[in-house]
K.L.:
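Dropping a structure here in structure tokens format, bear with me for questions.
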Amino acid sequence: MSDTTAPKAIEGSLGFIDERLGSTSFLKRNVKKVFPDHWSFMLGEIALYSFIILLLTGTFLTLWFKPSMMEVVYHGSYDQLNGVKMSEAYASTLHISFDVRGGLLMRQIHHWAALLFMASILAHMLRVFFTGAYRKPRELNWLIGIGMFILGMLEGLFGYSLPDDLLSGTGLRITQGVLEAIPVVGTYGYMFLFGGEFPGTDIVSRMYMLHILLIPGIILALVTAHMMIMWHQKHTAMPVKNQSEKQVYGYPFYPVFMAKTGAYFLFVFGLLALMGAFFQINPIWLFGPYDPGAISAGSQPDWYMGVLEGSLRLMPGWETTLWGHTVSWNVLIPAAVPLGIVFGGAMAWPFLEQWVTGDRRQHHVNDRPRNAPVRTGIGMAAVTFYGLMWLAGANDVIAEKFHVSLFATTWFFRVTIFVGPVLAYIITKRICLGLQRKDADVVGHGVESGIITMSPDGKYAERHEPAKEDERVKLLAKETARPVAPTKDAQGIPAPAAKGPIGHLRARLNRAWHFDDIPVEEHGHEENGHGENGHAELEESKGSKEIRG
């Protein structure tokens with residue numbers, strides 16, 4: 001529990017609630033909850049703030065948007081489309097953009113908030129992965145985060161398809177092709193979603209219900225579960241002074257964290273408002289209403305769907321006819337395999353790492369990425385694979401802008417999506433090991449002071465001084481590689497887990513995980529900066545501490 005009492009400013013409010021609703025021990029206990037302080041923790045907060053702004057602006061837009069594909073003739077403020085036949089969905093979007101006061105601003109804030117929401121989730125997941133914050137006991141929250149990102153992709157796809165303009169209709173055509181490529185059940189799924197032959201007359205109204213009710217409701221439930229689990233398990237922390245596996249060191253929820261998070265929300269909202277006011281996005285009036293027989297050159301989806309676009313463009317035109325049925329591998333593989341590798345691997349990773357390393361301890365202090373070179377290398381390989389797929393989605397634009405053959409551009413990406421991740425893993429791992437050697441040198445010999453001394457025999461050398469305490473604590477946070485569990489006992493009998501191909505594979509992976517480990521140790525000192533028992537003394541004026549339950 002915390003070693004501080006509730007601030008006097010809140011005692012009166014708690015007393016008022018206690019007299020009318022009963023015990024307020026929960027509130028009294030949790031207003032003093034400690035939150036570690038680090039800039040990277042704000043990435044998750046940005047995702048939360050963006051989601052709140054999405055809900056607010058989305059509610060505004062629902063007041064005027066008409067989710068109908070019924071054909072109407074447009075008569076509005078945008079003269080270039082006057083008298084043009086279009087769907088009611090497209091006409092109402094034009095109405096919001098040009099005739100509703102503040103409508104265009106709200107549309108653009110909503111779209112920018114969606115992009116920021118997805119970007120902040122991805123950045124937050126990368127921070128969690130590279131610091132090992134997904135390890136026991138936080139595996140469930142890791143899975144929830146991946147689930148939110150996948151749902152966000154679907155929510156974004158349905159959201160920018162609602163206006164029924166030419167660009168969104170092109171994306172829906174690709175969605176229809178992917179559904180239809182699924183063997184056996186694909187045609188049924190496609191007809192169920194669209195309500196008939198493409199484009200049908202029901203797809204916009206069906207996407208609208210999914211976009212404003214079902215998917216946001218699920219995301220809201222996952223956000224709530226994510227926050228409740230985090231609140232119960234307490235936040236992870238970076239390896240800094242006064243932090244340990246048994247103690248949380250930081251600032252109390254009230255008033256420090258509440259003031260900071262309130263200010264961050266206003267900053268995010270202000271930035272999105274500025275972007276919505278000054279940076280145009282998705283000008284649907286330039287694209288025109290959707291026409292199944294037309295397509296716009298250089299059309300690109302939102303960035304988070306670019307990886308699917310890229311995989312589709314790189315895949316050769318492979319098709320197979322089996323028992324009278326055509327299997328379109330050129331659509332099925334791009335839709336399932338790339339994201340299956342990235343997201344499936346990410347979901348399995350916490351459990352795979354635990355199985356390989358045999359580390360089943362609880363972890364509350366994060367790793368520095370350099371101290372887990374295999375994990376960091378694999379993470380950078382995944383980032384490289386994802387980034388190359390994303391770039392490949394614009395192969396036609398790249399070919400045009402750089403005056404390169406589209407054929408050559410496509411083949412360049414086909415090769416680099418296999419070679420690039422391997423190179424990224426090797427280079428990243430070597431960089432991590434080099435940084436570990438530097439840390440070991442600083443701990444063992446100190447840092448350069450800039451002072452040159454002369455020895456009695458006339459030799460000159462630079463004096464080294466011990467690293468500062470805060471830096472030393474961070475350097476010594478690296479754990480030395482744990483010894484591999486013996487595969488045989490004293491009688492030479494193999495352990496059950498070491499038998500068979502799976503046991504040999506695990507042993508090999510374990511050796512690969514710790515093969516190049518470089519110990520960073522301080523010789524001649526028993527303490528490592530956290531104190532003898534892992535509890536640091538601290539000043540009340542700088543922060544609070546809370547013992548993990």
Side-chain angles (χ1 to χ4, degrees), residues 54 57-58 61-62 64-72 74 76 78 80-81 84-98 103-104 106-115 117-118 151-180 190 193-212 215-216 276 280-310 312-313 335 393-394 396-397:
L54 279 170
T57 55
L61 296 176
T62 58
W64 286 277
F65 182 72
K66 298 179 181 179
S68 170
M69 297 183 73
M70 184 178 68
E71 192 176 77
V72 297
Y74 177 72
Y78 190 67
Q80 285 82 347
L81 290 176
V84 175
K85 292 183 178 180
M86 59 185 66
S87 67
E88 200 168 15
Y90 186 66
S92 64
T93 308
L94 291 175
H95 176 72
I96 293 172
S97 302
F98 294 104
L104 180 58
M106 287 296 178
R107 270 196 66 233
Q108 300 205 145
I109 291 177
H110 189 74
H111 204 133
W112 281 120
L115 298 182
F117 175 67
M118 297 298 292
L151 286 173
M153 292 179 69
L154 287 175
E155 177 76 345
L157 171 65
F158 293 154
Y160 69 66
S161 299
L162 286 177
D164 198 32
D165 60 288
L166 182 57
L167 181 62
S168 66
T170 303
L172 273 182
R173 187 63 167 175
I174 297 174
T175 303
Q176 176 260 329
V178 170
L179 283 174
E180 201 169 13
Y190 146 56
L193 179 63
F194 285 85
E197 294 291 339
F198 181 86
T201 58
D202 301 325
I203 183 62
V204 169
S205 58
R206 293 183 178 186
M207 287 192 306
Y208 182 70
M209 301 309 295
L210 293 172
H211 182 72
I212 70 168
I215 298 179
Q280 180 175 271
I281 188 170
N282 197 25
I284 57 143
W285 52 89
L286 299 180
F287 309 142
Y290 178 60
D291 178 3
I295 188 171
S296 57
S299 58
Q300 300 291 318
D302 284 336
W303 71 265
Y304 48 86
M305 299 297 293
V307 61
L308 291 175
E309 178 84 4
L312 188 64
R313 295 187 182 209
D396 55 340
V397 178

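Predicted, not measured: the structure shown is a model, and the values here were computed from it. Residue numbers start at 1 and run along the sequence shown.
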K.L.:
Could you measure the distance from the NE2 atom of His110 to the CD1 atom of Ile281? Nearest 0.5 Å is fine.
P.N.:
11.0 Å

K.L.:
Would you call the rings of Tyr160 and Tyr304 parallel, tilted or perpendicular if under 30° counts as parallel and over 60° as perpendicular?
P.N.:
tilted

K.L.:
Between Ile174 and Glu309, which heavy-atom pair has the shortest distance, and what is it?
P.N.:
CD1-OE1, 3.7 Å

K.L.:
How long is the gap from CE on Met86 to OG1 on Thr93, to the nearest 0.5 Å?
P.N.:
10.0 Å

K.L.:
List for me each residue that meets ring pair (Phe, Tyr, Trp, His ring centres under 6.0 Å) alongside Phe158, sequence neighbours excluded, and say none if there are none.
P.N.:
none

K.L.:
Are any of the side-chain heavy atoms of His111 and Asp302 separated by less than 4.5 Å?
P.N.:
yes

K.L.:
CG of Leu172 to CG of Leu167: how many Å apart, nearest 0.5 Å?
P.N.:
10.5 Å

K.L.:
How long is the gap from CG on Asp164 to CZ on Phe287, to the nearest 0.5 Å?
P.N.:
13.5 Å

K.L.:
Is the backbone N or O of Lys66 less than 3.5 Å from a side-chain atom of Ser92, with the two atoms forming a donor-acceptor pair by type?
P.N.:
yes

K.L.:
Does any pair with a residue in residues 197-212 pass side chain to side chain donor-acceptor pair (under 3.5 Å), and if so which ones, sequence neighbours excluded?
P.N.:
Glu155-His211, Tyr190-Glu197

K.L.:
Considering only heavy atoms from C-beta outward, does the side chain of Ile203 approach that of Phe198 to under 4.5 Å?
P.N.:
no

K.L.:
Mind checking side chain to side chain donor-acceptor pair (under 3.5 Å) for Gln176 and listing every partner two or more places apart, or none if nothing turns up?
P.N.:
Arg173, Glu180

K.L.:
Who passes side chain to side chain contact (heavy atoms under 4.5 Å, CB included) against Ser68, sequence neighbours left out?
P.N.:
Met70, Glu88

K.L.:
Partners of Asp396 by side chain to side chain contact (heavy atoms under 4.5 Å, CB included), sequence neighbours excluded?
P.N.:
Gln300, Arg313, Leu406

K.L.:
Can you sort out the partners of Ser168 under side chain to side chain donor-acceptor pair (under 3.5 Å), two or more places apart, ordered by chain and number?
P.N.:
Asp165

